[in-house]
Participant: 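For reference, the structure I am asking about is given below.
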Amino acid sequence: FVKPGCTPCEEVTTELARREGVLAPIVTSTLIIGAPADQVPDEHGDDRLLLDPADHNAALIGAGTRLPVAALLATDGTIVRPLAYGRDEIIQLLAVLEATAEQPGGLRPVPDVE
């Protein structure tokens, strides 16, 4: 969960993009932006992007207002707790996922969902 103009949010978005190739076999990422479409920078594109201008999705998972926030969802939709709050916790989460992805026999690949 990020917002335009939030420096830590931009840093996390950049870090996620940098690691996406390694993470793609085990994690499908979705960037949830708390802003209307006209406030979202073009570099985000439309791929795996959800606009949430009223922050309803953040409220549904109990994310509060601290940004950025990352939530890891299990394949059954269960939210894996705790949520990762702030730049440092999210980068730690990405590092753990990256290390897992690089381990033989790590997590199973994410199935394609139609």
Side-chain angles (χ1 to χ4, degrees):
F1 296 86
V2 298
K3 285 196 184 273
C6 163
T7 300
C9 297
E10 292 168 5
E11 291 171 351
V12 164
T13 301
T14 299
E15 190 66 21
L16 178 61
R18 185 182 75 75
R19 296 176 189 243
E20 195 162 4
V22 174
L23 297 177
I26 65 164
V27 176
T28 301
S29 62
T30 300
L31 192 60
I32 301 176
I33 301 179
D38 63 350
Q39 294 179 15
V40 176
D42 288 338
E43 70 258 17
H44 291 303
D46 293 330
D47 211 26
R48 293 186 304 270
L49 178 71
L50 175 65
L51 298 179
D52 188 20
D55 296 322
H56 291 296
N57 289 287
L60 283 172
I61 67 162
T65 57
R66 288 176 48 203
L67 293 176
V69 178
L72 185 62
L73 303 179
T75 55
D76 66 359
T78 304
I79 300 168
V80 178
R81 302 280 180 184
L83 301 177
Y85 287 95
R87 178 196 172 279
D88 293 342
E89 286 186 18
I90 294 172
I91 289 176
Q92 285 177 332
L93 173 62
L94 292 173
V96 168
L97 291 170
E98 185 176 46
T100 302
E102 292 174 338
Q103 290 294 319
L107 296 177
R108 293 182 306 236
V110 176
D112 288 333
V113 178
E114 297 290 323

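Not measured: the values here are computed from a predicted model. We use all heavy atoms of the structure for the numbers below, so side chains are in, but hydrogens, waters and symmetry mates are not. In what follows, residues are counted from 1 in the order of the sequence shown.
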Participant: Output side-chain donor-acceptor pairs under 3.5 Å for residues 2-10, partner residues at least two apart or in another chain, one line each.
Facilitator:
| residue | atom | partner | partner atom | Å |
| --- | --- | --- | --- | --- |
| Lys3 | NZ | Gly34 | O | 3.0 |
| Lys3 | NZ | Asp55 | OD1 | 3.3 |
| Lys3 | NZ | Asp55 | OD2 | 3.0 |

Participant: Could you point out which residue of Val40, Val12, Leu50, Leu49 forms a side-chain contact (heavy atoms from CB on, under 4.5 Å) with Leu31?
Facilitator: Leu49
Participant: What salt bridge (Lys or Arg N to Asp or Glu O under 4.0 Å) pairs are there with at least one residue in residues 87-99, not counting sequence neighbours?
Facilitator: Glu11-Arg87, Arg19-Glu98
Participant: I need the minimum non-hydrogen distance between Leu93 and Ala84, along with the two atoms involved.
Facilitator: CD2-CB, 4.2 Å
Participant: Just how far is it from atom CG of Leu60 to atom CD1 of Ile79, taken to the nearest 0.5 Å?
Facilitator: 8.5 Å
Participant: Hey, could you give me the CG/OG1 distance between Leu73 and Thr28, rounded to the nearest 0.5 Å?
Facilitator: 10.5 Å
Participant: Using every non-hydrogen atom in the two residues, find where Ala58 and Phe1 come nearest and quote the distance to one decimal.
Facilitator: N-CE2, 3.5 Å
Participant: How long is the straight-line distance from CD1 of Ile26 back to CD of Glu102, given to the nearest 0.5 Å?
Facilitator: 9.5 Å
Participant: Return the CG to CG distance between Asn57 and Leu51, rounded to the nearest 0.5 Å.
Facilitator: 10.5 Å
Participant: What is the minimum heavy-atom distance between Tyr85 and Ala63, and which atoms define it?
Facilitator: CE2-O, 3.1 Å
Participant: Once rounded to the nearest 0.5 Å, what's the spacing between atom CG of Leu23 and atom CG of Leu16?
Facilitator: 7.0 Å
Participant: Among all residues two or more places apart in sequence or in another chain, which pass the side-chain hydrogen bond (donor to acceptor under 3.5 Å, both in side chains) test with Asp38?
Facilitator: none
Participant: Honestly curious: do Ile90 and Leu83 fall in one hydrophobic cluster under the side-chain, below-4.5 Å linking rule?
Facilitator: no
